Amino acid sequence: DQQVKQNSPSLSVQEGRISILNCDYTNSMFDYFLWYKKYPAEGPTFLISISSIKDKNEDGRFTVFLNKSAKHLSLHIVPSQPGDSAVYFCAASPASGTYKYIFGTGTRLKVLA
Amino acid sequence: EAGVTQSPTHLIKTRGQQATLRCSPISGHTSVYWYQQALGLGLQFLLWYDEGEERNRGNFPPRFSGRQFPNYSSELNVNALELEDSALYLCASSLGYGSPGGFGNSPLHFGNGTRLTVT
């Protein structure tokens, strides 16, 4: 049962354009969401998070949008840079209980110079 | 601030052997998580330790076990290794359960992982 889904395994974007990575979840108890970036041979690096009391959180070139009714979140990267090429994972956690962060399967972003 | 450190970087074992993986969390973090990333798959939750206790475990057989020491470092043990245990094992740390500000809002910080190969 994949509670956090990233349906696009890969995405290619031209340098300078917007990258939009999507994530869907099924568990309505999730209320804290995170995005991570992973380069080969390294551990995932925390990028940005959002709690369910917000619908948008921005940090520099990275913005996360949360649509609770649709159980959908997205990560926007503007402008995209070649160094952004990596695998991006979304993750979700419930407010209480297990504190088990559930990760999606990842989307490989390639930013073309 | 030193990040999460894991050792060894690579580990090669044969089927049936035992593997021990180690993790040191970021200073001040009392929660340690273990994840498995098999080839082509996402991060699968293995174990969560907080304040020395196992708080939760994922859908893995009992031969996956671990512990957390008084200094909050942790080790993951995998007994009776099988070929499908070959994966990248990632350790992460975060602020603990009783931290002010709400545990649920504490992101995980990952180490670079241990690549376990079972032959």
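Keep in mind that what you see is a predicted model, and the values were worked out from it rather than measured. Below, chain A is the first sequence line, B the second, and so on; all start at residue 1.
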Heavy-atom neighbours of Leu83(B) CG exceed 12 at 6.0 Å: yes
Nearest heavy atoms of Leu34(A) and Leu108(B), plus distance in Å: CD2-N, 4.4 Å
Ring centre gap for Tyr101(A) and Phe45(B) strictly below 6.0 Å: no
Lys13(B) atom NZ: more than 12 heavy-atom contacts under 6.0 Å: yes
Working for ring pair (Phe, Tyr, Trp, His ring centres under 6.0 Å), residues Phe103(A) and Phe110(B): CA-CA 13 Å; Phe103(A) 282 78; Phe110(B) 284 87; 5.8 Å; yes
Audit row: Leu43(B), Tyr36(A), side-chain contact (heavy atoms from CB on, under 4.5 Å) steps and yes/no: CA-CA 11 Å; Leu43(B) 281 68; Tyr36(A) 285 81; over 6 Å; no
Shared hydrophobic cluster, Ile77(A) / Leu11(A) (ILVMFWY, side-chain heavy atoms < 4.5 Å): yes
Single-linkage hydrophobic cluster, 4.5 Å side-chain cutoff, Val32(B) and Phe60(B) together: yes
Heavy-atom closest pair, residues Phe89(A) and Gly42(B): CE2-CA, 4.1 Å
More than 12 heavy atoms of other groups within 6.0 Å of Arg61(A) CZ: yes
Which portion of Gln6(B) sits near chain A, non-hydrogen atoms under 4.5 angstrom: neither
Proximal component of Leu90(B), with respect to chain A [non-hydrogen, under 4.5 Å]: side chain
Other residues, nucleotides, ligands: >12 heavy atoms within 6.0 Å of Arg15(B) CZ: no
